[in-house]
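What follows is one structure encoded as structure tokens, with my remarks underneath.
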Amino acid sequence: MRRNRSRLFGRILSVSAVFMLLGSLDVPGAKAAVNGDGTDIVNENYADRLSLKPLAPAFRVETLLNWSPENDPDAEINRVSVPLNKNRFKGSQVNPLANPKAGITSAAITNWNHDEASSVGSNDFNVYAFDNWQLLDSYIYWSGTNEGIFAIPTPDIVDAAHRNGVPVYATLGFPWGKSAEGVAEIEKFTQQKQDGSFPVADKMMEVAEYYGFDGYFFNQETSGVSKATAERMNEMMRYIKRNSNLNVSWYDAQDNTGAINYQDSINSKNDMYVKPAEDGEYAVDEFFLNYNWTTSKINTTVDTMKGHNRSPFDAYAGFEIQQNSYNTKINTDALLDEKKQPKVSIALYAPNSTMGLAADPADFHEKEKNLWTGPQGDPTLADDSAAWKGMARFVTDASVIQSKPFTTNFNTGHGKQYFVNGKTASGIEWNNRSIQDIMPTWRWWIRGEGSKIKVSYDFDKAYNGGNSLKFNGALEAGSVNDTMLYSSKLPVTDTTKVRVVYQNQSGADVSLGVAYSEDYAQNNMKYYPLPKSGDGWQTAVVDLGKDAGKTAYALSLKVNNAQKIENYSIHLGELSVYDDAAAVLAKPADVKILEKMPETAFEAEARLSWSEQKNVLHYEVYQENADGVETLLGVTPNNYFYTPNITRTIENASADNITKLKVVPVNQDYVRGQAATISFDWHGDGCNRDREKPYIAECGVKGKGNLCLSGKCGRTGL
């Protein structure tokens with residue numbers, strides 16, 4: 001996409017993405033991505049037996065047409081596990097300046113490098129763990145790749161988005177600049193058969209259906225395209241719309257004639273993409289405007305869209321915030337009508353720039369709050385008083401919480417350690433956005449009086465996952481803090497209950513709040529007291545049966561203290577609304593170690609699979625050492641699994657070189673089922689990656705059998 005500034009956010013931006021993003025500066029190498037790296041291999045490190053780590057696929061036209069699951073070693077593990085939740089609704093408008101019709105699309109650099117980063121998470125706390133899904137319409141997996149023009153989204157971010165009802169689009173990027181190779185690739189891309197079909201479009205639909213993502217973002221900035229080719233591309237997008245449920249998002253670069261001609265609006269020069277055909281079909285669902293829009297250009301966009309019987313909110317005004325994040329000056333007044341509400345939707349470019357402002361991965365969420373909620377720290381108060389207006393000032397939040405059970409551990413999808421039922425199951429850093437919970441709708445809407453409590457994510461204490469919610473502060477006597485957590489539409493029956501897992505410092509009364517009116521009115525809130533908490537995590541079950549027939553429109557946590565408290569804190573670990581306890585799951589069947597690769601005598605990676613089960617939230621995979629200690633290797637909602645974390649030591653290695661692996665299904669209530677066990681055999685497979693050298697047996701370690709401790713395979717000094 002065309003940009004006005006060139007300073008890069010280097011911590012998360014891949015080299016290949018640089019070439020695309022800085023195309024307007026004519027960076028050398030910008031054209032390299034068009035034809036890929038010269039190979040047809042999906043995962044080179046896997047093919048060369050250097051690693052079992054899965055990578056998200058990327059293609060040029062030729063490799064896309066030749067792709068099949070059978071020739072992609074990562075195909076099964078890269079499939080989305082969470083279907084798109086289509087029961088999404090806009091809640092009551094909490095900010096009068098927001099427009100319920102407006103939306104936001106986000107083109108975020110999701111992974112530090114599409115061609116090298118694991119597609120299923122890694123041992124790193126520092127990741128773009130986006131969780132403000134309630135304010136998004138769609139998510140663009142913005143990335144460059146050295147493999148060609150298609151960057152397919154990783155399943156972890158798609159799972160997180162789908163859980164919140166947000167569709168995710170792959171990036172289709174034709175780099176900026178004049179390039180004979182680029183134009184040739186576009187010609188191949190838009191090839192049409194005599195029967196009217198488009199072979200590449202057919203393959204795009206096949207790939208999207210297989211992997212489970214929801215559409216494509218077209219970023220066509222290559223100069224030299226003819227009008228006939230531009231019109232054919234437009235018809236190709238209509239072909240996709242006619243033959244699938246995929247969405248198409250379009251960037252404001254190529255005009256109706258095929259020229260690269262940024263309009264910063266939708267007008268008669270580029271309206272071909274929003275104009276319906278004779279059968280009523282149109283090419284583009286979302287139109288991403290270039291960044292130099294003005295009041296006049298926004299008004300022209302509104303008029304053009306209405307002239308084609310399209311909603312003006314299908315047009316998204318671009319905010320370029322890659323360099324300075326929420327410190328960017330943007331003339332948002334140009335977007336507003338006489339009611340001070342936005343007239344079009346908003347497109348954020350590189351909102352992952354909050355990571356560059358954060359002191360650490362935990363502070364990232366504080367910086368995210370500033371960008372999304374606004375400097376006031378309360379979505380109901382976001383306004384125009386500060387230079388940066390949080391996104392909650394422009395759009396109304398959405399929710400998917402309409403059915404039971406609804407359970408959340410407030411897990412953001414990354415952490416410094418991983419907790420299971422309040423205990424540390426793994427002490428290593430991790431990220432896996434696939435298992436991110438639905439996070440609170442409002443960050444943070446607190447109603448009350450007196451001292452205001454602070455709410456944040458605590459990555460040092462959790463019940464399940466990597467973090468809990470922490471409520472803390474110095475509270476003057478008589479303070480009341482009712483923190484509104486979730487927008488919902490949950491029907492209450494005579495068996496409905498709410499489970500709350502928490503740790504509460506003494507000195508304050510804590511209640512679960514339920515809003516029984518659609519507008520969350522305080523006079524229609526009912527509060528259910530929670531028992532005083534002792535040390536550690538406590539579970540309270542609240543019976544809502546007396547309110548059967550009502551609808552729970554919001555859930556809150558209320559803290560009120562009669563006496564002054566200097567340093568109060570409470571941790572909320574789990575919140576679950578249910579009618580009946582979910583059935584405990586049987587152990588997974590047909591567990592297999594598909595591949596294994598020892599890196600040293602003490603470390604190995606592996607791929608596993610098992611038969612898919614119904615009603616599973618996710619699976620936890622453990623290793624059991626010879627000393628009986630279990631360590632979590634990872635968590636996945638998929639029935640295909642990769643781990644680089646299998647380990648052993650001299651002290652806990654078994655005499656027969658066997659490490660037991662366990663696969664545990666977890667149901668929607670976070671209750672763990674029966675474990676399936678399989679043996680990981682270290683012996684006979686080599687303890688280094690040089691497959692031409694034999695396994696070194698009988699290394700002379702008394703009592704340890706064939707544990708290899710040679711200098712080549714073992715660690716120095718052991």
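Everything quoted here is computed from the prediction, not taken from an experiment.
For the residue pair D137 and Y316, a side-chain donor N or O sits within less than 3.5 Å of a side-chain acceptor on the partner. Inspection of the D397 and W442 side chains reveals an N or O donor paired with an N or O acceptor under 3.5 Å. If you check the side chains of Q134 and N132, you find a donor sitting under 3.5 Å from an acceptor. Checking S353 against Y326 by side-chain atom types alone, no donor-acceptor pair falls below 3.5 Å. Counted by atom type alone, E574 and Y670 present zero donor-acceptor pairs between their side chains at under 3.5 Å. The closest side-chain donor-acceptor pair between D458 and S468, if any, does not fall under 3.5 angstrom. In this structure, a donor-acceptor pair under 3.5 Å is present between the side chains of S517 and D519. A donor-acceptor pair shorter than 3.5 Å can be found between the side chains of N123 and N645. Residues Q623 and N625 bring a donor and an acceptor atom of their side chains to less than 3.5 Å of each other. No side-chain donor from either of S399 and T441 sits under 3.5 Å from a side-chain acceptor of the other. Side chains of S576 and T407: a donor-acceptor N/O pair is present below 3.5 angstrom, by distance only. For the residue pair D383 and S385, a side-chain donor N or O sits within less than 3.5 Å of a side-chain acceptor on the partner.
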Exercise. Given the rule in the salt bridge (charged side-chain N to carboxylate O under 4.0 Å, His left out) test, do R393 and D384 qualify, once you have shown the distances and angles that lead to the verdict?
Worked result: CA-CA 8 Å; R393 177 257 179 268; D384 298 327; 2.7 Å; yes
Exercise. Could you go step by step and tell me if S487 and Y520 meet the side-chain hydrogen bond (donor to acceptor under 3.5 Å, both in side chains) rule?
Worked result: CA-CA 9 Å; S487 168; Y520 322 128; 3.3 Å; yes
For this session: Check step by step if side-chain contact (heavy atoms from CB on, under 4.5 Å) holds for M525 and S556.
Result: CA-CA 9 Å; M525 292 283 296; S556 76; 3.4 Å; yes
Exercise. side-chain contact (heavy atoms from CB on, under 4.5 Å) between V158 and Y141: does it pass, once the steps are laid out?
Worked result: CA-CA 9 Å; V158 184; Y141 180 83; over 6 Å; no
Exercise. Going through the distances and angles, do D482 and Y527 end up as a side-chain hydrogen bond (donor to acceptor under 3.5 Å, both in side chains)?
Worked result: CA-CA 10 Å; D482 188 12; Y527 298 95; 2.5 Å; yes
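The shortest side-chain heavy-atom distance between Y622 and V664 falls under the 4.5 Å cut-off. You'll find the side chain of V395 stays beyond 4.5 Å of the side chain of N99, heavy atoms only. Contact annotation: the side chain of L512 approaches that of L575 to within less than 4.5 Å [non-hydrogen atoms, C-beta and beyond]. Contact check for L530 versus V542: side-chain heavy atoms found under the 4.5 Å cut-off. Side chains of T154 and N111 form a contact here, defined as non-hydrogen atoms less than 4.5 Å apart. Residues L572 and L485 meet the side-chain proximity criterion, which asks for heavy atoms closer than 4.5 Å. Side-chain contact check for S325 versus L371: some heavy-atom pair is nearer than 4.5 Å. Contact annotation: the side chain of F394 approaches that of L336 to within less than 4.5 Å [non-hydrogen atoms, C-beta and beyond].
With values rounded to the nearest 0.5 angstrom, I401 atom CD1 is found 7.0 Å from L490 atom CG. Distance check: T332 OG1 to K329 NZ gives 13.0 Å after rounding to the nearest 0.5 Å. If you take CD1 on I428 and CH2 on W430, they are separated by 11.0 Å, rounding to the nearest 0.5 Å. A distance of 9.0 Å separates CE in M391 from CG in L135, rounded to the nearest 0.5 Å. To the nearest 0.5 angstrom, I140 atom CD1 is 3.5 Å from T105 atom OG1.
In this structure, K470 forms no cation-pi arrangement with Y457, as its terminal cationic atom is not both closer than 6.0 Å to the ring centre and no more than 45° off the ring axis.
Taking both residues in full, the closest heavy atoms of V663 and P588 are given as O-CD, 3.6 Å, listed atom of the first, atom of the second, then distance. Closest of all the heavy-atom pairs between A107 and W142 is C-CB, 3.9 Å. Smallest separation of non-hydrogen atoms from T408 and F410: OG1-N, 2.9 Å. Across all their heavy atoms, K369 and W444 have their closest contact at CD-CD1, 3.9 Å. The two residues E620 and V420 have their closest heavy-atom pair at OE2-CG2, 3.9 Å. Here the shortest heavy-atom pairing between T412 and Q436 reads O-NE2, 2.8 Å.
With a 6.0 Å radius and a threshold of 12 heavy atoms from other residues, nucleotides or ligands, K367 has its NZ atom above the threshold. Other residues, nucleotides and ligands contribute more than 12 heavy atoms inside 6.0 Å of the NZ atom of K532. More than 12 heavy atoms of other shown residues, nucleotides or ligands fall within 6.0 angstrom of atom NZ in K497.
Under the side-chain hydrogen bond (donor to acceptor under 3.5 Å, both in side chains) criterion, no residue pair touches residues 83-97, with sequence neighbours excluded. For residues 536-588, the ring pair (Phe, Tyr, Trp, His ring centres under 6.0 Å) pairs, not counting sequence neighbours, are Y463-W537.
Proximity of a side-chain donor or acceptor of N126 to a complementary backbone N or O of D360 within less than 3.5 Å is not detected. Judged purely by atom type and a 3.5 angstrom limit, K558 has no side-chain atom pairing as donor or acceptor with the backbone of R447. The backbone N or O of N409 lies less than 3.5 Å from a partner atom in the side chain of D437, making a donor-acceptor pair. Not one N or O on the side chain of S434 forms a donor-acceptor pair closer than 3.5 Å with the backbone of T636. Side chain of T496 to backbone of D494: no donor-acceptor contact under 3.5 angstrom is found. A donor-acceptor pair under 3.5 Å is absent between the side-chain atoms of N472 and the main chain of I453, judged by distance alone. Checking side-chain atoms of E320 against main-chain N and O of Q322 turns up a donor-acceptor pair under 3.5 Å. Proximity of a side-chain donor or acceptor of Y486 to a complementary backbone N or O of I438 within less than 3.5 Å is detected. Listed for the E476 side chain is no donor-acceptor partner under 3.5 Å among the backbone atoms of G450. Panel note: side chain D363, backbone E366; no donor-acceptor pair is recorded below 3.5 Å.
F125 and H414 have tilted rings, their planes meeting at an angle from 30° to 60° on a 0 to 90° scale.
Of the charged side-chain nitrogens involved, none lies within less than 4.0 Å of a carboxylate oxygen, so that R163 and D159 do not count as a salt-bridged pair. With respect to the salt-bridge test (charged N to carboxylate O, under 4.0 angstrom), the residues K550 and D547 qualify. Looking at D156 and R433, a side-chain N of the basic residue comes within less than 4.0 Å of a carboxylate O on the acidic one, giving a salt bridge. Between D131 and R443, at least one side-chain nitrogen of the basic residue sits less than 4.0 Å from a carboxylate oxygen of the acidic one, meeting the salt-bridge criterion. A salt bridge links K416 with D460: the distance from a Lys NZ or Arg NE/NH1/NH2 to an Asp or Glu carboxylate oxygen falls below 4.0 Å.
Not counting sequence neighbours, the partners of W133 by the ring pair (Phe, Tyr, Trp, His ring centres under 6.0 Å) test are F130, Y139.
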